[in-house]
Amino acid sequence: MQIDQDTCVFGLIGYPLAHSLSPFIHNLAFKAMGVNAVYLPFPVKPGRVSSVVNGARALGIRGFNVTIPYKESIIPYLDRVSLEAEACGSVNTVLIEEDRAVGYNTDGRGFMDSLEQEGVKVPRFAIILGAGGAARAIGYQLAVRGAITVFLNRTPERAEKVARDIARITGQESWGMSWDSSCISDFVQDAELLINTTPVGMYPDIDQKPPFVLKNLNSRSVVADIIYNPLNTRLLREAEGLGLKTISGLGMFVNQGVRSWEMFTGREAPRKLMEDRLRGLLLKNET
Ligand code: NAP
């Protein structure tokens with residue numbers, strides 16, 4: 001790649017960033033599409049997030065992604081956030097245009113894109129394991145499309161709060177409770193979609209799975225995991241063993257990246273190339 005005075009700079013802020021695959025897919029897409037841009041990891045040390053937006057403006061950085069632990073704490077430093085990011089309370093993409101920094105969240109739509117790509121219809125009733133930023137983003141997208149969602153979480157108060165917020169913002173019915181609550185058996189049979197949004201089962205703890213009894217789901221339920229490393233988590237392997245359709249987190253990861261990349265460049269991203277190369281890389285790492 002030729003870097004010159006016209007090269008646009010994009011990047012990712014978070015901490016730590018050692019294992020992020022975002023630079024790989026964004027730079028791959030720039031190269032494939034002949035875009036004169038570069039995407040860099042910026043590991044921002046704790047306590048430094050307050051300087052990021054002004055620093056990016058000063059350096060002429062046109063946009064950046066945001067990951068753990070700054071998805072919420074970046075918000076006070078932005079000029080505006082999209083309705084969706086406001087509803088989720090978290091930002092994963094920042095665009096800087098004419099010095100104004102605007103925050104967006106592409107996680108929820110990225111997940112919905114992957115459902116569509118897998119031919120899965122928006123469910124009438126879904127169960128989300130977890131109540132963090134990703135759960136909130138997906139729950140919001142499901143609710144605005146008319147799905148009723150139950151959040152099951154290790155910390156029940158957090159699940160109750162997410163459900164209350166989503167019900168208030170969208171007007172859609174939403175519930176939250178502990179994931180070992182005794183009343184789960186009353187509704188599990190009705191769930192058309194179960195989504196794990198916790199990191200339980202993620203590399204290197206690949207033998208773990210959330211404590212949810214899959215065999216109580218009905219045979220038409222779809223099980224999704226937003227973890228993409230490994231591609232096939234223990235939860236998904238068990239669901240496959242029961243004959244259930246499964247969706248890995250790779251599609252969501254690619255789609256949220258595609259949406260960010262298209263916002264950065266104003267061009268259509270080479271989605272298939274990004275997904276194929278990422279899948280290849282993850283499979284290589286698994287062997
Ligand atoms: P987060 O805001 O920190 O939320 C984490 C959630 O997982 C919380 O509900 C937390 O429960 C629960 N949790 C964490 N560790 C747990 C454990 N050991 N046992 C039980 N529950 C546990 O994180 P996030 O941003 O939502 O991200 C969650 C996961 O999604 C991460 O693995 C991330 O890599 C993945 N992700 C994937 C994509 C993608 O594109 N595929 C996009 C975003 C995120 P408590 O409330 O009890 O703490």
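We count ligands from 1, going down the list as the structure has it; atoms in each ligand are counted the same way.
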Requested in this report: Below 4.0 angstrom from a heavy atom of Thr155, which ligand 1 atoms are there? Numbered from 1 as shown, please.
Outcome: 45 (P), 46 (O), 47 (O)
Report summary line: Within the 4.0 Å heavy-atom cut-off, what Phe151 brings close to ligand 1 is neither
Report summary line: Of all protein heavy atoms, the one nearest atom 21 (N) of ligand 1 is Trp179 CH2, 3.6 Å
Query raised in the report: Under the criterion side-chain hydrogen bond (donor to acceptor under 3.5 Å, both in side chains), which of Lys272, Arg271, Arg277 is the partner of Glu275?
Result: Arg271
Report summary line: Restricting to heavy atoms, the pick from Pro199, Pro156, Gly108, Gly130 nearest atom 31 (C) of ligand 1 would be Pro199
Report summary line: of all protein heavy atoms, closest to atom 2 (O) of ligand 1 is Gly133 N, 3.0 Å
Query - Close-contact set for ligand 1 against Gly249 heavy atoms, below 4.0 Å - result: 41 (N)
Report task. Please confirm whether Tyr228 comes within less than 3.5 Å of ligand 1 when only nitrogen or oxygen atoms on both sides are compared. Result -> no
Query raised in the report: Does even one non-hydrogen atom of Phe111 get within less than 4.0 Å of ligand 1?
Result: no
Query raised in the report: Okay, side chain of Ser221, backbone of Glu192: is any donor-acceptor separation there less than 3.5 Å?
Result: no
**Report entry** Identity and distance of the protein heavy atom lying nearest atom 26 (O) of ligand 1
**Finding:** Ala134 N, 2.8 Å
**Report entry** Taking every non-hydrogen atom, the tightest pair across Leu231 and Leu236
**Finding:** O-CD1, 3.9 Å
Requested in this report: Return the residue, atom name and 0.1 Å-rounded distance of the protein heavy atom closest to atom 17 (C) of ligand 1.
Outcome: Arg154 NH1, 3.1 Å
Requested in this report: Just say parallel, tilted or perpendicular for the rings of Tyr39 and Phe264, cut-offs at 30° and 60°.
Outcome: tilted
Report task. Pick, from Asn153, Leu250, Thr198, the option with the minimum heavy-atom distance to atom 10 (C) of ligand 1. Result -> Asn153
Report task. Among Glu84, Met252, Glu262, Arg259, find the one that has a side chain to side chain contact (heavy atoms under 4.5 Å, CB included) with Thr106. Result -> Arg259
Report task. May I ask you to list the atoms of ligand 1 that are less than 4.0 angstrom from any heavy atom of Thr197? Result -> 28 (C), 29 (C), 30 (O)
Query raised in the report: Are the side chain of Tyr228 and the backbone N or O of Leu282 linked by a donor-acceptor pair below 3.5 Å?
Result: no
Query raised in the report: Any idea which protein heavy atom is nearest atom 30 (O) of ligand 1, and the distance to it?
Result: Ile226 CD1, 3.1 Å
Query raised in the report: What protein heavy atom is closest to atom 42 (C) of ligand 1, reported as residue, atom name and distance in Å?
Result: Met252 CE, 3.5 Å
Report summary line: Ile127 and Ala191 have their tightest heavy-atom pair at CD1-CB, 3.7 Å
Query raised in the report: Sub-3.5 Å donor-acceptor pair from the side chain of Asp225 to the main-chain atoms of Gly249, do we have one?
Result: no
Query raised in the report: What heavy-atom pair brings Asn36 and Thr7 nearest, and what distance separates the two atoms?
Result: OD1-OG1, 2.8 Å
Query raised in the report: So which protein heavy atom does atom 6 (C) of ligand 1 come closest to, and at what separation?
Result: Gly132 N, 4.2 Å
Query raised in the report: Any sub-3.5 Å donor-acceptor pair from Glu86's side-chain atoms to Val81's backbone N or O?
Result: no
Query raised in the report: Looking at atom 39 (C) of ligand 1, is any protein heavy atom nearer than 4.0 Å to it?
Result: yes
**Report entry** Non-hydrogen protein atom less than 4.0 angstrom from atom 19 (N) of ligand 1
**Finding:** yes
**Report entry** Nearest heavy atoms of Lys209 and Phe212, plus distance in Å
**Finding:** NZ-O, 3.1 Å
Query raised in the report: Would you say ligand 1 has an N or O under 3.5 Å from any N or O of Met202?
Result: no
Query raised in the report: Arg237 and Ile206: which non-hydrogen atoms are nearest, and at how many Å?
Result: NH2-O, 4.4 Å
Query raised in the report: Under 3.5 Å, N or O to N or O, is Phe253 touching ligand 1 that way?
Result: yes
Requested in this report: Could you find the nearest protein heavy atom to atom 23 (O) of ligand 1 and give me its residue, atom name and distance?
Outcome: Ile68 CD1, 4.3 Å
Query raised in the report: If you measure from each heavy atom of Gly110 to ligand 1, is any distance below 4.0 Å?
Result: no
Query raised in the report: Is there any N or O on Ala131 that sits under 3.5 Å from an N or O of ligand 1?
Result: yes
Query raised in the report: With the threshold set at 4.0 Å, does a side-chain nitrogen-carboxylate oxygen contact exist between Asp165 and Arg168?
Result: yes
Query raised in the report: With distance as the sole test, does Arg80 use its side chain to make a donor-acceptor pair with the main-chain N or O of Val102 at under 3.5 Å?
Result: no
Query raised in the report: For ligand 1, which atoms, with element, lie under 4.0 Å from some heavy atom of Arg158?
Result: 2 (O), 8 (C), 45 (P), 46 (O), 48 (O)
